[in-house]
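If you're wondering where the values come from, they're calculated on a predicted model, not measured in any experiment.
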2 protein chains.
Amino acid sequence: MSQEPARPTFSHLPADKQARVLNAALAEFADQGYHQASLNRLVARAGIAKGSLYQYFPNKEGIFRHIFQLALKLVRQTLVEVKETTAQEDFFTRLEKSLQAGVRFLQTHPRIYSLYLKIQFDRQTPCRQEFLATVRRHAGEYFGSLISRARTRGELRPGISEPAALFLLDAVFDRFLQAAAVPALDVTFNLHQAPEEIIQRRIRELIDLLREGLAA
Amino acid sequence: MSQEPARPTFSHLPADKQARVLNAALAEFADQGYHQASLNRLVARAGIAKGSLYQYFPNKEGIFRHIFQLALKLVRQTLVEVKETTAQEDFFTRLEKSLQAGVRFLQTHPRIYSLYLKIQFDRQTPCRQEFLATVRRHAGEYFGSLISRARTRGELRPGISEPAALFLLDAVFDRFLQAAAVPALDVTFNLHQAPEEIIQRRIRELIDLLREGLAA
DNA sequence: ATTTGGTATGACCAACTGGTCATGTCCCAG
DNA sequence: CTGGGACATGACCAGTTGGTCATACCAAAT
């Protein structure tokens, strides 16, 4: 499918040097996006020579694919973990804990989330299709399994359209995280860099609304 | 606040030439974003010389501000129009018609919507703050007025958190439009370039879900 | 002491960027 | 016929980009 993005030389490197390079790369791609990312800045941040970078990776896209695969692994891990640790709860508690986990992820890996957003909205980023497909598939499976178990337990209104429910959850959760991560995005929630306590209250309000609906 | 982005020379131009330049600019910015947009490509598309461009506008940012103001005007217009033409309907019908109007806008002005997305997620675009604030303000006022009238009419569940409802609507609507405009974004709705009929059905399903909630 | 293989380095390259400007064209007033 | 102002033009500029490469370094093996 796609050749190894990193050269063997890179894996022989002392761990701290690898880390420096990966950190610099993640930082650069996360806050500039693929095309605006500058390899000159990257090597400056990492404290290595330009030539060295090309001993580690075949080209810019190779660097990108590498850090993108690391990011993907982390996301997968997190999703699996949340799914397992909330397996015993009822549907709406699971939703609440999932959103909380999302916020935690975003706070501990802000650059990875930023990278994710960059990829999502720059149609020309390499691997975009592959990346989005993977993430959406995981999200879909995640919400899907929550929903289908909730349905067999009778926690859902009967006759609900499953695709619609999936879409709704995906939309609301994604937007919630976006609003927490990106300034000037949400109308009234003011989630960006809001204190933990407010975020928790907002999460509960939202889940309530999803559960009970808007109508009288 | 900010000087006129277009030079007088530009307004003296024959209308079709103006249109050619504006079209080329919108196209370039919409599918490349601000920084990746190339003025060389732009002038090639418009069929004018590089130098001419700088007789019309002071610099790249000036061009951007100009087309961005045109876009803003169009969005404002559309919102006002929808608000007025649905004034007589009940809350959930208004929601439905609003979403339909959004989809129509996106179909008739795909490049403007694309530009909007680019601005939303590229933190470094000029005028970003100003632009987002304006759009969000309009969206907020729009949904806000819908909600508060619905409340006085008793169409809403009492005790609903208004900010939460606003956030929910904004999130779902925006994501719906995004999914319709950008490939590979939604999990299961497959809205991208879907036929009119499917889109209408999805809208109805979503509004239903918002109205009645998820819980049994 | 010499050779060898992996790694480090930064000057260098072509391609492109946003932006400038001397020159040219054209039309209209004198 | 002459002059002047508005507009057109593309060669040109300095700066940056992703990428290359001859050279240098340094350990271990001979």
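- As rounded to whole Å, 11 Å separates atom C1' of D:dG19 from atom CZ of A:R7.
- Judged by the 6.0 Å and 45° rule, B:K118 forms no cation-pi pair with A:F121.
- Note: B:F143 and B:F173 meet the aromatic proximity criterion, with ring centroids under 6.0 Å apart.
- The C1' atoms of five pairs define one axis at each end of the helix from C:dA1-D:dT30 to C:dG30-D:dC1, and these two axes lie 40° apart (to 10°).
- Heavy atoms of other residues, nucleotides or ligands lying less than 6.0 angstrom from NZ of A:K83 number more than 12.
- Annotation: A:Y56 is not in aromatic contact with A:H66 [ring centroid separation under 6.0 Å not met].
- Ring-centre distance between B:Y116 and B:Y113: below the 6.0 Å cut-off.
- Within the structure, a side-chain polar atom (N or O) of A:N40 is placed less than 4.0 Å from OP1 or OP2 of D:dT17.
- Look at OH on B:Y54: it is 4 Å from P on C:dG19, rounded to the nearest Å.
- Residue A:Q129 qualifies as open at atom CD: its count of foreign heavy atoms under 6.0 Å is 12 or below.
- DNA chain C is contacted by no residue of residues 26-39 of chain A, taking any non-hydrogen atom closer than 4.0 Å.
- A donor and an acceptor atom, one from each side chain of B:Q77 and B:E81, are nowhere located under 3.5 Å apart.
- Between the CG atom of B:L42 and the P atom of C:dC16 there is a distance of 17 Å, given to the nearest Å.
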Discussion item. Using a 4.0 Å heavy-atom cut-off to protein, can you give one letter per nucleotide of nucleotides 3-13 of chain C, 5' to 3': B if the base is in contact, S if only the sugar-phosphate is, - if neither?
Written reply: ----SBBB---
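- In this view, B:R94 and B:T86 satisfy the side chain to side chain donor-acceptor pair (under 3.5 Å) rule, not counting sequence neighbours.
- Counting only residues at least two apart or on different chains, the salt bridge (Lys or Arg N to Asp or Glu O under 4.0 Å) pairs with a member in residues 27-37 of chain A are A:E28-A:R41, A:E28-A:R45, A:D31-A:R45.
- Applying the salt bridge (charged side-chain N to carboxylate O under 4.0 Å, His left out) criterion to A:R7, with sequence neighbours excluded, gives no partner residue.
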